[in-house]
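Since the structure is predicted, the reported quantities are computational estimates derived from the model, not experimental observations.
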Amino acid sequence: DLATRLRLQGDIEKGVEILSSALELSNEVTETQELAFSALKLAIYLDEMDRKEEAKSWFKKIADAEHGPDSVSIEAVQQACQRYSALLIEEGRIAESKEYTIRHNALAEMMGDPYLFVRSCFNIVTDCHELGQGEEAEEWFLLGMINLRDGINTGPMGPISPQHQQQLLEQSSNVSELIGQKHAWTEMMQHIFGDEPEIRAACNVIG
């Protein structure tokens, strides 16, 4: 809590110092929820400070952890997977990124979060495309599209904002074009949102 207050006050370096000191007292940061969230917070702060290598190390520890009631929460693991994957993408380590995005996808499904699930499906499509895995890319694209209606309606905090709805619709369009499935996207959007004129109109603008 003190580290958070310091960050909000503009002293993120002091916040990092406090979190680092607290975590040094433990041999294993995945032993409890509190330690895991502290490690995740530290990694986020280090990333914000552009200390990428240190951030990656902490993100990976949480992303590789087994979640459970007496260890690390599923929310912490999925957040770490998402952030670690993004850092791997920046380094061009697409195959490794894909592994953690798939893990993130599975955790989102377990959490019952359609928004995160669909978004990660489309992220995996991009990874597959970059790796030359065309058939698998199409499979993940189809899975994302099948769940798209739920994805734009329900997220981690309840109803999805119009901004995030638009972003997910645009992502679906972009990946369809990336893998040469734009015609299929258009047909599926008409089928999925045939009874929602506002969404259909938005799709027409995107398309």
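- Closest heavy-atom contact between T101 and S120: CG2-O, 3.8 Å.
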Go through the steps to decide whether V77 and C81 satisfy the test side chain to side chain contact (heavy atoms under 4.5 Å, CB included), and finish with yes or no.
CA-CA 6 Å; V77 178; C81 286; 4.2 Å; yes
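- The structure places CD of E54 at 8.0 Å from CE of M49, a figure rounded to the nearest 0.5 Å.
- In this structure, a donor-acceptor pair under 3.5 Å is present between the side chains of W140 and E136.
- For S97 (side chain) and R93 (main-chain N/O), no donor-acceptor pair under 3.5 Å exists by modelled atom type.
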Could you walk me through whether F59 and L40 pass the side chain to side chain contact (heavy atoms under 4.5 Å, CB included) check?
CA-CA 6 Å; F59 281 137; L40 180 61; 3.8 Å; yes
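- One distance of note links CD1 of I146 with CZ of F141; it measures 10.5 Å at 0.5 Å rounding.
- Side-chain N or O atoms of R103 include one that pairs as donor or acceptor with a backbone N or O of A63 at under 3.5 Å.
- Within the 4.5 Å cutoff, side-chain heavy atoms of L148 are placed close to those of L169.
- The same ILVMFWY cluster, assembled from side-chain heavy atoms under 4.5 Å apart, contains both V72 and M111.
- Every salt bridge (charged side-chain N to carboxylate O under 4.0 Å, His left out) that E177 has, sequence neighbours left out, goes to K182.
- Atoms CD and CD, from E135 and E139 in turn, are 5.5 Å apart once rounded to the nearest 0.5 Å.
- Atoms NE2 and CD1, from H129 and I94 in turn, are 11.0 Å apart once rounded to the nearest 0.5 Å.
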Side chain to side chain contact (heavy atoms under 4.5 Å, CB included) assessment of L142 paired with M188
CA-CA 10 Å; L142 180 59; M188 292 181 74; 3.8 Å; yes
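- Considering only heavy atoms from C-beta on, Q165 stays 4.5 Å or farther from Y115 through its side chain.
- Checked for salt-bridge contact, K56 and E91 meet the test: a charged N lies under 4.0 Å from a carboxylate O.
- Distance check: S85 OG to E90 CD gives 10.5 Å after rounding to the nearest 0.5 Å.
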Side chain to side chain contact (heavy atoms under 4.5 Å, CB included) between Q171 and N123, intermediate numbers included:
CA-CA 9 Å; Q171 187 184 18; N123 287 336; 2.9 Å; yes
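- Of the N and O atoms on the side chains of Q133 and D127, not one donor lies less than 3.5 Å from an acceptor on the other residue.
- A donor-acceptor contact shorter than 3.5 Å is absent between the side chain of S20 and the backbone of E17.
- Environment of CD in E13: sparse, with no more than 12 heavy atoms of neighbouring residues, nucleotides or ligands closer than 6.0 Å.
- Dense packing is recorded around NZ of K41, with more than 12 heavy atoms of other residues, nucleotides or ligands lying under 6.0 Å away.
- To the nearest 0.5 Å, atom SG of residue C128 and atom CD of residue E138 are 10.5 Å apart.
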